[in-house]
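These notes are about the structure you will find just below.
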Amino acid sequence: MNEAVELTRELIRIDSVGGGEAAVAEPLARRLSDAGFAVRLHEHAAGRTGLVARWGTGDPVTLTGHLDTVPLGGRAWRHEPHGAEIDGDRLYGRGSSDMKAGVAALVVAAERHVRRAGPKAALELVFTVGEETGCEGASGMVAADLVGRSRALLVAEPTANRALLGHKGALWLKVTTHGTTAHGSMPHLGDNAIYKLARAITAVETFDIGQPEHPWLGPSTANVGTAQGGINVNSVPDLATATVDLRTVAGQDHARLRERLQAALGAEAAIDVLVDLPAIWTEPDDPFVQALVEAGAGAPGDHPAASYFTDASILTGACGGVPTVICGPGEPEQAHVTDEYCLTSRIEEATEIYTTTLSRLTP
């Protein structure tokens with residue numbers, strides 16, 4: 001069996017749903033250390049360990065993926081979620097597409113790269129925890145000064161081996177309003193926090209984001225995702241909250257956007273930041289993009305951006321604002337679904353794409 005496919009199966013068999021990434025990081029650390037990489041482990045929390053592995057000298061090419069997976073969901077699986085069963089060309093299991101196949105392909109390609117004869121570009125592999133819940137592991141690694149300047153960044157998230165050139169940013173906010181409680185039969189004695197929240201929600205609906213549409217990423221958007229308030233029907237509520245999901249484009253200033261939204265909501269609503277991840281974009285004619293396409297990655301085409309955010313929001317800046325491409329063997333529509341699968345042929349293909357791309361990069 002193909003080496004990267006077998007490694008993917010090994011990783012799927014390790015349960016890292018919402019945590020426990022240390023059990024994935026440790027065998028990868030041993031394997032990369034045996035291949036000659038200098039490995040540093042980073043413990044984000046108990047049982048939640050990521051790693052940074054470095055080989056060579058000079059500014060490296062950075063390869064990244066995350067080790068956590070999302071919960072299984074409420075529906076029954078036909079294929080055991082951590083069984084790593086193969087049926088035809090499909091390898092089933094939680095994390096098969098998102099994104100243990102990508103991690104495995106990066107590791108095997110990196111091993112091949114350092115074994116290859118002749119001058120070789122330096123490599124850095126960054127495997128993170130907590131990506132699915134807001135890139136906390138990548139943020140912790142950067143804060144710990146474990147990720148430095150590089151030449152380019154490759155993110156092996158699921159794209160069916162198509163080169164994607166970026167993704168929107170995410171600014172998730174919590175909006176809170178306060179009031180004064182009173183009996184529901186005497187509302188004039190209270191101050192209704194839900195009414196204040198309703199006014200804030202209306203302000204979000206009519207808010208002018210004030211950003212031109214990006215030619216490739218499209219428009220910035222705003223959405224109210226949740227709203228909560230009150231404790232019972234016959235009381236005036238003194239607390240209400242909502243969450244707002246702002247999706248932004250390259251070049252957009254999140255701090256300024258937050259200030260403008262606060263002005264639109266007024267003094268009766270307070271804003272707290274839940275997630276703050278900038279947009280990522282690399283131009284199609286960048287040499288790193290061209291190298292991946294020439295190595296066999298699908299060209300960006302008419303829709304060259306990912307619909308999801310990635311650790312690139314944290315790592316691209318930490319690496320020095322480098323060219324960033326998202327390209328991985330997983331099927332994008334299989335991310336987070338019941339009976340998730342990845343095609344074994346794409347895992348093999350991704351390994352070849354990465355290996356060929358790295359071989360063309362000079363030291």
Side-chain angles (χ1 to χ4, degrees), residues 11 14 16-33 35 37-70 95 98-100 102-107 109-110 122-157 166-167 169-170 172 254 273-280 306 308-328 354:
L11 300 182
I14 302 170
S16 56
V17 172
E21 295 97 334
V24 185
E26 288 162 3
L28 293 179
R30 289 194 296 270
R31 181 168 179 150
L32 289 167
S33 180
F37 284 78
V39 178
R40 293 171 293 176
L41 295 174
H42 178 258
E43 187 178 53
H44 176 69
R48 309 203 69 178
T49 301
L51 68 89
V52 177
R54 178 73 182 263
W55 180 90
T57 59
D59 289 346
V61 177
T62 301
L63 315 175
T64 190
H66 63 83
L67 307 181
D68 56 318
T69 53
V70 297
D98 188 16
M99 59 170 294
K100 290 178 176 179
V103 169
L106 290 179
V107 169
L123 294 184
E124 184 172 68
L125 282 76
V126 179
F127 294 139
T128 66
V129 309
E131 187 273 348
E132 295 287 4
T133 50
C135 305
E136 295 104 325
S139 296
M141 285 180 167
V142 171
D145 201 26
L146 294 178
V147 180
R149 189 171 187 85
S150 70
R151 299 169 54 187
L153 175 66
L154 175 61
V155 186
E157 289 275 12
H167 56 72
W172 293 353
H254 282 194
V273 176
L274 302 176
V275 166
D276 187 351
L277 301 172
I280 298 298
Y308 44 78
F309 61 72
T310 76
D311 278 328
S313 287
I314 303 297
L315 298 177
T316 295
C319 290
V322 294
T324 299
V325 179
I326 307 160
C327 181
Y354 301 157

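Quick caveat, the model's predicted, so the values are computed rather than measured.
- Judged by distance alone, with hydrogens and angles left aside, the side-chain atoms of Asp68 form a donor-acceptor pair with the main-chain N or O of Glu131 at under 3.5 Å.
- One N or O on the side chain of Lys100 and one on the backbone of Leu11 form a donor-acceptor pair closer than 3.5 Å.
- Not one N or O on the side chain of Thr316 forms a donor-acceptor pair closer than 3.5 Å with the backbone of Ile314.
- When atom types are taken as modelled, the side chain of Thr128 and the backbone of Ala138 share no donor-acceptor pair closer than 3.5 angstrom.
- Considering every non-hydrogen atom in both Ser150 and Pro60, the closest pair reads CB-O, 3.0 Å.
- Considering all non-hydrogen atoms of both residues, Ile280 and Ala312 come closest at CD1-O, 3.4 Å.
- Applying the salt bridge (Lys or Arg N to Asp or Glu O under 4.0 Å) criterion to Glu157, with sequence neighbours excluded, gives no partner residue.
- For the atom pair CG of Asp276 and OG of Ser139, the computed distance is 9.5 Å after rounding to the nearest 0.5 Å.
- Residue Leu125 comes nearest to Ala110 through the heavy atom pair CD1-CB, 3.9 Å, listed as atom of the first residue, atom of the second, then distance.
- Each side chain to side chain donor-acceptor pair (under 3.5 Å) pair with one or both residues in residues 40-57, not counting sequence neighbours, appears once here: Glu21-Arg48.
- Of all heavy-atom pairs spanning Asp98 and Glu132, the tightest one is OD2-OE2, 2.9 Å.
- For the pair Val147 and Cys319, the tightest heavy-atom approach, listed with the atom from each and the gap, is CG1-SG, 3.9 Å.
- At a threshold of 4.5 Å between non-hydrogen side-chain atoms, the residues Leu106 and Leu154 count as touching.
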Would you be so kind as to tabulate the donor-acceptor pairs closer than 3.5 Å made by side chains of residues 24-33, with sequence neighbours excluded?
{"from": "Arg31", "atom 1": "NE", "to": "Glu111", "atom 2": "OE1", "distance (Å)": "3.4"}
{"from": "Arg31", "atom 1": "NE", "to": "Glu111", "atom 2": "OE2", "distance (Å)": "2.6"}
{"from": "Arg31", "atom 1": "NH2", "to": "Glu3", "atom 2": "OE2", "distance (Å)": "2.8"}
{"from": "Arg31", "atom 1": "NH2", "to": "Glu111", "atom 2": "OE1", "distance (Å)": "3.1"}

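- In this structure, Thr62 contributes its side chain and Leu153 its backbone to no donor-acceptor pair below 3.5 Å.
- When atom types are taken as modelled, the side chain of His66 and the backbone of Met99 share no donor-acceptor pair closer than 3.5 angstrom.
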